[in-house]
Amino acid sequence: MKRQDYLSWDEYFMGIAMLSAQRSKDPSTQVGACIANHDHKILSMGYNGMPTGCSDDEMCWEREGEELQTKYPYVCHAELNAILNNDGGSLKGTSIYVTLFPCNECAKAIIQCGIKEVVFMQDKYADTAGVIASKRMFDMAGVAYRQYIPTEKTLTLTF
Ligand SMILES: Nc1nc(=O)n([C@H]2C[C@H](O)[C@@H](COP(=O)(O)O)O2)cc1CO
Ligand SMILES: [Zn+2]
């Protein structure tokens with residue numbers, strides 16, 4: 001009889017997003033994203049970090065203070081990185097698994113590259129204008145979004 005406790009597709013793709021988030025240097029919020037197509041093939045992944053060539057050690061990771069001394073104008077979001085990390089092929093009709101609901105800027109990129117479904121884990125910024133705008137655009141553009149349903153399965157990775 002086959003193994004019963006294997007990962008479901010949702011667990012697998014969200015698990016990859018969660019693992020990707022562990023690469024983030026952001027001290028407060030680590031976000032991961034994984035893009036998969038209808039054939040259950042993973043096309044790309046990403047996490048929030050500074051643009052290539054902008055040193056993680058030299059950039060600021062602050063949340064508050066003078067704007068140019070915070071991370072916000074510089075950091076590249078997990079979803080945008082996943083879209084940009086994709087190696088050339090089309091993302092039309094794919095699903096993006098994200099550990100945090102996309103902001104309005106990433107929502108625009110998600111829509112424009114033809115991603116059709118967003119599966120998210122947390123939605124801690126649901127009350128912000130950015131996320132409200134994201135949902136408004138997803139609704140208008142026909143991008144479905146659903147919250148990942150936790151299965152309480154625990155996986156221990158020993159590196
Ligand atoms: N969907 C998202 N994807 C992301 O990659 N991010 C990144 C940008 C920052 O590096 C961090 C949020 O920092 P904070 O404001 O929670 O300290 O997460 C943020 C959001 C929220 O919209
Ligand atoms: Zn974003």
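All ligand and atom numbering here is 1-based and tracks the order in the structure.
Between Asn81 and Glu79 the shortest side-chain heavy-atom distance does not fall below 4.5 Å. The shortest side-chain heavy-atom distance between Gln69 and Glu62 does not fall under the 4.5 Å cut-off.
The 4.0 Å heavy-atom shell around ligand 1 contains residues Asp26, Ser28, Thr29, Val31, Asn48, Arg63, Lys71, Tyr72, Val75, His77, Ala78, Glu79, Leu100, Phe101, Pro102, Cys103, Tyr125, ordered by chain and number.
Summarising the local packing, CD of Glu64 is surrounded by 12 or fewer heavy atoms from other residues, nucleotides or ligands at distances under 6.0 Å.
Around the Zn ion (ligand 2), the angle linking His77 (ND1) with Cys103 (SG) is 110°, rounded to 10 degrees.
Only one option out of Tyr148, Tyr125, Tyr145 pairs with Phe101 in a ring-ring contact (aromatic ring centres under 6.0 Å, His included); it is Tyr145.
Using bins of under 30°, 30° to 60° and over 60° for the plane-to-plane angle, the ring pair Tyr12/Trp9 lands in the tilted bin.
Looking at Ser28 and Lys71, their side chains do bring a donor and an acceptor atom within 3.5 Å of each other.
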